[in-house]
Protein chains: 2
Amino acid sequence: MKTQLKKGTLDMCVLAVLAQADSYAYELVSKLSQGMEISEGTIYPLMRRLQNESWVSTYLVESSSGPSRKYYKLTEAGRLELATMRQEWQEFVAEVENVLRDDPAASTEGTLQ
Amino acid sequence: MKTQLKKGTLDMCVLAVLAQADSYAYELVSKLSQGMEISEGTIYPLMRRLQNESWVSTYLVESSSGPSRKYYKLTEAGRLELATMRQEWQEFVAEVENVLRDDPAASTEGTLQ
DNA sequence: CAAGATACCTTGTATAGCAAGGTATCTTTC
DNA sequence: GAAAGATACCTTGCTATACAAGGTATCTTG
């Protein structure tokens, strides 16, 4: 239902996770699913986009518990992009909060009966 | 460029502005444009959506400086919806910040050369 | 070998923001 | 009173992205 809110933030989230450690799509879904909803149908096109932008590189690793994993590694360009996205995200949140702040109902103290 | 980030937040922003005072689309654009970018091509379909959801009602007011203005007034349902959106927004921001927090580069101290 | 988990992927749909373009009204200026 | 500019409304077509649904292949376990 609040799927629109995610638009544009998921790539940043993925890059942030990859900034910690290399990972593969299937694992990224389960990692991110701890805090937010994200589905497989979202992650694979997304990873292709990140790769097309050269923000990640890939390598295959054979697994002992299933098919080979396609690992993604953050590139230097990806690291810079993540920093940019972080900044834009914070600016955007500040803008929205600024609009919300002017709303009298912002101070949620007894405004709703 | 960061147009994706706005997806799903603009209706909340509009409702928040209307929570302060009734307004019309053209004025809403200029009000919101103080803090964020939003265009006319966005606002009119958006206002129709809000109206279809019965979150706003409308009335015409003749202007002394141009054509009649279609004012939008927040309904009670709209007020409730705004509260819900606020909450979902805050939850969503918290989720994203949570993912970002785990990123070592989060503490922006000397991480970039 | 059947079932289930792991892991990859694609197709089609819905949504929302925006640029570009169009119309009508009202005031001002010449 | 014609032209120009601001005000105010609106629509069409494009784009991006998230997701459900479906499909394939691999490996383990019973």
Side-chain angles (χ1 to χ4, degrees), chain A residues 1-15 22-33 35-53 55-56 58-72 85 88-89 92 95-96 99, chain B residues 1-15 22-33 35-53 55-56 58-72 85 88-89 92 95-96 99:
Chain A
M1 251 303 134
K2 51 174 185 174
T3 134
Q4 294 300 323
L5 288 183
K6 302 180 198 165
K7 298 283 178 84
T9 63
L10 292 185
D11 26 11
M12 176 177 62
C13 289
V14 165
L15 292 181
D22 297 358
S23 187
Y24 51 101
Y26 191 83
E27 189 185 45
L28 282 167
V29 169
S30 74
K31 277 188 179 175
L32 286 171
S33 290
M36 62 200 317
E37 287 171 38
I38 182 174
S39 70
E40 281 195 51
T42 302
I43 200 78
Y44 287 102
L46 193 160
M47 296 316 294
R48 189 169 302 277
R49 263 180 275 143
L50 297 183
Q51 196 175 355
N52 286 343
E53 299 284 352
W55 294 334
V56 297
T58 66
Y59 56 94
L60 280 179
V61 173
E62 292 184 25
S63 163
S64 59
S65 65
S68 289
R69 296 165 175 169
K70 189 195 250 182
Y71 271 82
Y72 294 91
M85 284 179 170
E88 285 178 354
W89 164 254
F92 176 69
E95 286 170 6
V96 172
V99 173
Chain B
M1 255 299 136
K2 52 172 184 174
T3 135
Q4 294 300 323
L5 288 183
K6 301 179 198 166
K7 298 284 178 82
T9 62
L10 292 186
D11 25 11
M12 176 177 62
C13 288
V14 165
L15 291 182
D22 297 358
S23 187
Y24 51 101
Y26 191 84
E27 188 185 47
L28 283 167
V29 170
S30 76
K31 276 188 181 174
L32 286 171
S33 290
M36 63 199 319
E37 288 171 37
I38 182 175
S39 69
E40 280 194 54
T42 301
I43 200 78
Y44 287 102
L46 193 161
M47 296 316 295
R48 187 168 304 276
R49 263 181 274 142
L50 297 184
Q51 197 176 355
N52 286 343
E53 300 284 353
W55 295 334
V56 298
T58 64
Y59 55 94
L60 282 179
V61 173
E62 291 183 27
S63 165
S64 59
S65 66
S68 290
R69 297 164 176 170
K70 189 195 252 183
Y71 271 82
Y72 294 91
M85 285 180 170
E88 286 179 353
W89 164 252
F92 176 70
E95 286 171 7
V96 172
V99 174

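In terms of phosphate contacts, B:R49 brings a side-chain nitrogen or oxygen within less than 4.0 Å of OP1 or OP2 of C:dG17. OP1 or OP2 of D:dC10 sits under 4.0 Å from a side-chain N or O of B:K70. Look at B:S65 and you won't find any side-chain N or O under 4.0 angstrom from OP1 or OP2 of C:dC26.
No side-chain heavy atom of B:E53 sits less than 4.5 Å from a side-chain heavy atom of B:D11. Contact annotation: the side chain of B:V61 never approaches that of B:Y24 to less than 4.5 Å [non-hydrogen atoms, C-beta and beyond].
Here the nucleotide nearest the side chain of B:Y24, chosen from C:dA16, C:dC8, D:dC9, is D:dC9. For A:Y26, whose side chain is taken as the heavy atoms from C-beta onward, the closest listed nucleotide among C:dA7, C:dC9, C:dG17 is C:dA7. Distance from the side chain of A:Y72 is smallest to C:dC9 among C:dC9, D:dC19, C:dA7. Distances from the side chain of B:S63 to the nucleotides D:dA16, D:dA8, C:dC18 place D:dA8 closest. In this structure, the nucleotide among D:dC19, C:dA16, D:dT26 sitting nearest to the side chain of A:P67 is D:dT26. In this structure, the nucleotide among D:dC10, D:dC19, D:dA8 sitting nearest to the side chain of B:R48 is D:dC10. Side-chain proximity of A:Y44 to the nucleotides C:dC9, D:dC10, D:dT7 is greatest for C:dC9.
The closest side-chain donor-acceptor pair between A:S39 and A:T42 falls under 3.5 angstrom.
Both A:I38 and B:P45 sit near DNA chain D, but only B:P45 has its closest nucleotide nearer the 5' end.
Rounded to whole Å, atom C1' of D:dT7 lies 15 Å from atom CG of B:L28. Summarising the geometry, the separation between CG on B:L46 and P on D:dT11 is reported as 14 Å, rounded to the nearest angstrom. Separating the NZ atom of A:K7 from the P atom of D:dC19 is a distance of 9 Å, rounded to the nearest angstrom. Counting to the nearest Å, the P atom of D:dT7 and the CD1 atom of B:I43 are 17 Å from each other. Atom CD of B:E37 and atom C1' of C:dA16 are 16 Å apart (whole Å). Atom pair A:M47:CE and D:dT17:P shows a separation of 14 Å (rounding to whole Å applied). One can place CE of A:M12 at 14 Å from P of D:dT17, the figure rounded to the nearest angstrom. We find that CG of A:N52 is positioned 11 Å from P of D:dT17, with the value rounded to whole Å.
For D:dC9, its base sits under 3.5 Å from the side chain of B:E40 at one donor and acceptor pair at least.
Across all strands shown, B:T42 has heavy atoms under 4.0 Å from base atoms, whether or not it also approaches the sugar-phosphate. Contacts of B:K6 with the nucleic acid, taken as non-hydrogen atoms under 4.0 Å apart, involve only primed sugar atoms and P, OP1 or OP2.
Of all the heavy atoms in A:E37 and A:K6, the pair that sits closest is O-NZ, 2.9 Å. Among all heavy-atom pairs drawn from B:D22 and B:E27, the shortest one is O-OE1, 4.4 Å.
A:F92 and B:W89 have perpendicular rings, their planes meeting at more than 60° on a 0 to 90° scale where under 30° would count as parallel.
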